[in-house]
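Note: hydrogens, waters and symmetry copies are ignored here, and every other heavy atom, side chains too, is used. The structure presented is a predicted model; accordingly, all values stated were derived computationally and were not measured. Just so you know, ligand 1 is whichever comes first in the structure, and atom 1 is the first atom listed for that ligand.
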Amino acid sequence: MPKFVYDFTEGNKDLKDLLGGKGANLAEMTNLGLPVPPGFTITADACRVYLEHGQEPPELREQVSQYLDALEAKMDKKLGQADGPLLVSVRSGAKFSMPGMMDTVLNIGLNDESVLGLAAQADGADSDGKADRFAWDSYRRLIQMFGKTVLGVDGEHFDEALEDVKKAKGTHNDLDLTAEDLRGLVESFKTIVEKEAGRTFPQDPREQMDLAIRAVFESWNGERAKLYRRQERIPNDLGTAVNICSMVFGNLGMDSGTGVAFTRDPASGQTGVYGDYLQNAQGEDVVAGIRNTVPLQDLENIDAASYAELTDIMAKLEHHYRDLCDIEFTIERGKLWMLQTRVGKRTAAAAFRIAVQLVDEGLIGPDEAVDRVTGAQLAQLMFPRFDENAKAEMIAKGMNASPGAASGKAVFDSYTAVKWSRSGEKVILIRRETNPDDLNGMIAAQGILTSRGGKTSHAAVVARGMGKTCVCGAESLDVDTKRRRMTAPNGVVVEEGDVVSVDGTSGAVYLGEVPVVASPVVEYFEGRLGADSPKADDLVKAVHRIMTWSDERRRLYVRANADTPEDAARARRFGAQGIGLCRTEHMFLGERRALIERLILAGDDDDERQAALGELLPMQRDDFIAIFTAMGGLPVTVRLLDPPLHEFLPDITELSVRVAVAEAKGEQNEGDLRLLQAVHKMHEANPMLGLRGVRLGLVVDGLFMMQVRAIAEAAAQVAKAGGVARVEIMVPLVGAVQELEIIRDEAQQVLDEVKERTGADVRSLIGTMIELPRAALTAGQIAEAAQFFSFGTNDLTQTTWGFSRDDVEGAFFSAYLDRGIFGVSPFETLDREGVGRLVQIATEEGRKTRPELKLGVCGEHGGDPDSVHFFHEVGLDYVSCSPFRVPVARLEAARAAIESAASDSR
Ligand code: PEP
Ligand code: MG
């Protein structure tokens with residue numbers, strides 16, 4: 001019989017697939033002997049069965065009963081019994097953390113009778129009526145939470161009823177409500193449930209629990225959760241586990257409270273005690289950022305014994321997990337309880353610092369350090385920052401919740417954020433505090449600013465996860481979302497649409513746009529800031545060490561796509577080991593464009609063609625000399641011209657208008673007329689699938705060989721000057737081996753001829769791009785004529801899916817993303833099953849024909865972290881990407897090597 005339920009004493013931290021992150025870690029803490037309230041976890045397997053069949057697995061009820069019995073025995077209480085009831089929380093907990101995205105119901109087990117029992121039970125410490133108040137407040141919270149999440153009642157109804165009672169009392173503060181008021185509210189809430197949900201609030205505690213479990217299962221497919229998963233690339237079919245945990249109360253008076261702690265600063269990585277504490281409150285109050293917290297250090301004065309125990313546990317957890325942990329805890333009348341721990345989210349800078357700190361502390365080795373940071377985090381560190389010397393008017397300071405520098409127009413609700421950003425505006429989302437309904441707006445915004453809540457508030461946690469700039473808790477700002485404006489303490493009023501800037505690294509908020517400067521990490525890669533320089537901070541030092549370890553560990557070479565000497569030089573500084581794609585199209589802009597146009601229009605006129613080619617040759621030769629020289633002997637793959645033809649010919653509409661206007665004026669221009677006829681003749685309905693790449697080279701006589709000659713002569717000249725040019729000539733858009741054979745033979749002839757004439761050692765590999773499905777499928781034949789393949793995954797994605805890379809992202813990708821057809825655009829991350837399969841076939845077939853065949857990739861995917869892992873796994877020799885992505889690719893190539901070595905040894 002499948003086992004769907006695990007007691008906290010039965011699991012451990014490695015069972016995240018089954019028990020979810022929260023459940024696995026509660027079990028781990030229980031087994032470490034830490035004070036965890038007893039409970040059990042329903043597995044994600046049970047959730048998957050529920051989601052597939054629309055009902056719980058038949059064994060579940062019985063297993064839950066068995067574990068509930070055991071829990072009741074352990075606690076010596078019964079769920080919801082009238083006299084001293086056991087109450088439980090029912091919490092979601094998936095393998096990957098999805099903060100606030102799924103449901104939780106607290107205080108399960110309360111009903112009209114057990115509420116009295118709870119009051120009596122709570123009465124032990126004080127007999128001033130507070131216990132009654134506490135019990136009725138807990139009961140009204142249960143009906144509210146249960147009504148909202150389990151029975152689908154709109155939360156506004158409860159909020160309004162609560163407001164009405166407060167208004168009648170003439171107060172704004174919940175704490176002014178008496179037990180009597182709350183008892184009345186419970187009745188109102190029950191009526192709301194009946195009216196809105198069409199059923200009574202269940203009095204049977206077990207029914208409450210079963211319905212709550214089901215609601216948690218269902219919340220896996222809630223809109224918020226789906227959106228978050230898409231954003232974070234969490235697979236849709238994992239499901240969530242459900243944790244049933246005996247309740248402890250942080251809201252039993254001032255000797256109780258609840259908090260969040262980090263074993264190191266999640267923003268900077270510094271060691272120490274970080275966190276927030278809130279007296280007399282339940283856990284949700286802290287995370288929601290509804291009330292303002294005190295720094296965790298203050299707990300030492302409030303409750304020294306609990307503080308000492310907590311810091312002791314934190315040290316234990318950090319050693320045990322060998323990483324930064326974040327922790328949720330509750331103190332119930334002076335007794336500390338651990339409610340959750342996990343390896344904590346952190347900013348990119350903290351991730352790098354912590355990884356090297358842990359190596360220095362002997363807790364992990366360099367392999368693990370490299371694996372604990374990501375290319376996406378490194379990319380974040382390369383973002384620019386605000387210029388410290390810029391004159392900017394600071395209007396407030398909040399908490400530096402998630403680093404980065406962002407400017408944009410102030411918007412005060414998510415809807416406007418999404419609307420404005422869709423029309424191309426940069427926006428800063430400003431809220432008093434955010435909640436999960438703001439997720440769309442947060443995604444759309446450049447940065448997020450809140451006036452309430454700490455570093456663990458919803459805004460902070462979610463923004464950090466997204467790598468988005470966030471300043472939170474800027475309390476001096478008066479944010480008025482109704483009037484769509486905020487007022488700063490100095491009287492400055494920011495209206496919707498005014499530009500503001502937020503600095504997530506310092507917490508500063510500025511009026512207007514602030515200029516930005518390069519990040520120190522970029523300065524380091526550029527070679528302008530040495531890792532040992534006194535100016536280098538510990539972040540630069542950490543990046544340097546991680547990059548050094550990465551380069552020692554990766555198997556893939558990393559090259560860059562560069563087609564100017566400046567880009568080539570930058571690519572080298574960033575660690576590129578060659579150029580994997582030197583596109584030659586950009587070399588034909590400006591005045592040279594006219595020469596190509598002349599060449600194409602020359603048709604059969606040999607003299608005209610030769611004249612145009614003759615003018616182009618020396619220009620191209622100079623282009624290549626500059627690039628070969630910049631690369632100083634590293635390999636350079638030059639791709640022969642591959643423009644869709646229309647890019648070089650005048651626009652057909654513009655030209656037609658010009659001719660028509662001239663005609664109307666009776667001033668016929670012969671040149672334009674001839675040009676128009678030629679353009680009409682060559683006009684293509686699908687230029688991306690038309691006369692481009694090798695096809696152009698085969699049709700426009702002399703074009704490719706002019707380029708080969710320029711390459712050969714450039715190489716000869718570099719050699720004569722004492723340098724080395726390691727050249728690879730690459731033919732684009734090949735679909736059949738015959739195309740390549742023709743070009744290869746002609747090119748070889750030109751190379752030999754230049755070699756003989758100049759006496760220089762002119763050599764070049766000749767290879768092809770694989771960017772058409774036919775090329776991939778016939779790679780075995782193509783490899784007969786190619787010394788290397790480079791996968792052009794941009795075109796290969798376009799032609800495999802049959803959609804235009806220029807049009808579809810704007811046209812319908814958002815609908816595809818919304819409907820879950822893609823988790824991410826296949827132009828960004830390689831589609832492993834489709835396009836990846838073709839890459840794999842071509843790799844295998846190509847190497848079968850020619851074992852020494854050199855294999856690389858030069859599409860955009862060459863710098864995408866996930867795709868780099870795929871290219872490592874499939875066995876390519878190198879990836880090539882834009883210069884700025886080179887460090888990211890170096891790091892990810894190392895992580896791929898480390899991960900595959902680890903999985904080989906398992
Ligand atoms: C490709 O198609 O992936 C490629 C690198 O070539 P381009 O982007 O120039 O078509
Ligand atoms: Mg291409």
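- Here Arg583 does not pair with Asp642 in a salt bridge; the nearest charged N to carboxylate O distance is not below 4.0 Å.
- Within 4.0 Å of ligand 1, protein heavy atoms come from Leu581, Arg583, Arg639, Arg692, Met769, Glu771, Gly792, Thr793, Asn794, Asp795, Arg805, Cys858, Gly859.
- Restricting Glu771 to its N/O/S atoms, the shortest distance to the Mg ion (ligand 2) is reached by OE1.
- Considering Thr799, Leu838, Thr778 as possible partners of Leu772, the one that fulfils the side chain to side chain contact (heavy atoms under 4.5 Å, CB included) test is Thr799.
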TODO: Please test Glu892 against Leu378 for side chain to side chain contact (heavy atoms under 4.5 Å, CB included), starting from the C-alpha separation and ending with a verdict.
DONE: CA-CA 10 Å; Glu892 287 295 348; Leu378 182 59; over 6 Å; no
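- A donor-acceptor contact closer than 3.5 angstrom is absent between the side chains of His861 and Thr829.
- Note on residues 874-899: pairs passing ring pair (Phe, Tyr, Trp, His ring centres under 6.0 Å), not counting sequence neighbours, are Phe574-Phe884.
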Which atom pairs, donor and acceptor, lie under 3.5 Å between side-chain atoms of residues 618-641 and protein residues at least two apart or in another chain?
{"unit_1": "Gln620", "atom_1": "OE1", "unit_2": "Gln707", "atom_2": "NE2", "d": "2.9"}
{"unit_1": "Gln620", "atom_1": "NE2", "unit_2": "Asp623", "atom_2": "OD2", "d": "3.0"}
{"unit_1": "Arg621", "atom_1": "NH1", "unit_2": "Glu713", "atom_2": "OE1", "d": "2.3"}
{"unit_1": "Asp623", "atom_1": "OD1", "unit_2": "Arg592", "atom_2": "NH2", "d": "3.2"}
{"unit_1": "Asp623", "atom_1": "OD2", "unit_2": "Arg592", "atom_2": "NH1", "d": "2.7"}
{"unit_1": "Thr629", "atom_1": "OG1", "unit_2": "Ile625", "atom_2": "O", "d": "2.5"}
{"unit_1": "Thr637", "atom_1": "OG1", "unit_2": "Arg559", "atom_2": "NH1", "d": "3.0"}
{"unit_1": "Thr637", "atom_1": "OG1", "unit_2": "Ile579", "atom_2": "O", "d": "3.2"}
{"unit_1": "Thr637", "atom_1": "OG1", "unit_2": "Glu728", "atom_2": "OE1", "d": "2.7"}
{"unit_1": "Arg639", "atom_1": "NH2", "unit_2": "Glu585", "atom_2": "OE1", "d": "2.8"}
{"unit_1": "Arg639", "atom_1": "NH2", "unit_2": "Glu585", "atom_2": "OE2", "d": "3.4"}

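- Residues passing the side-chain hydrogen bond (donor to acceptor under 3.5 Å, both in side chains) test with Arg709, sequence neighbours excluded: Glu753.
- For the Mg ion (ligand 2), the nearest N, O or S atom contributed by Asp795 is named OD2.
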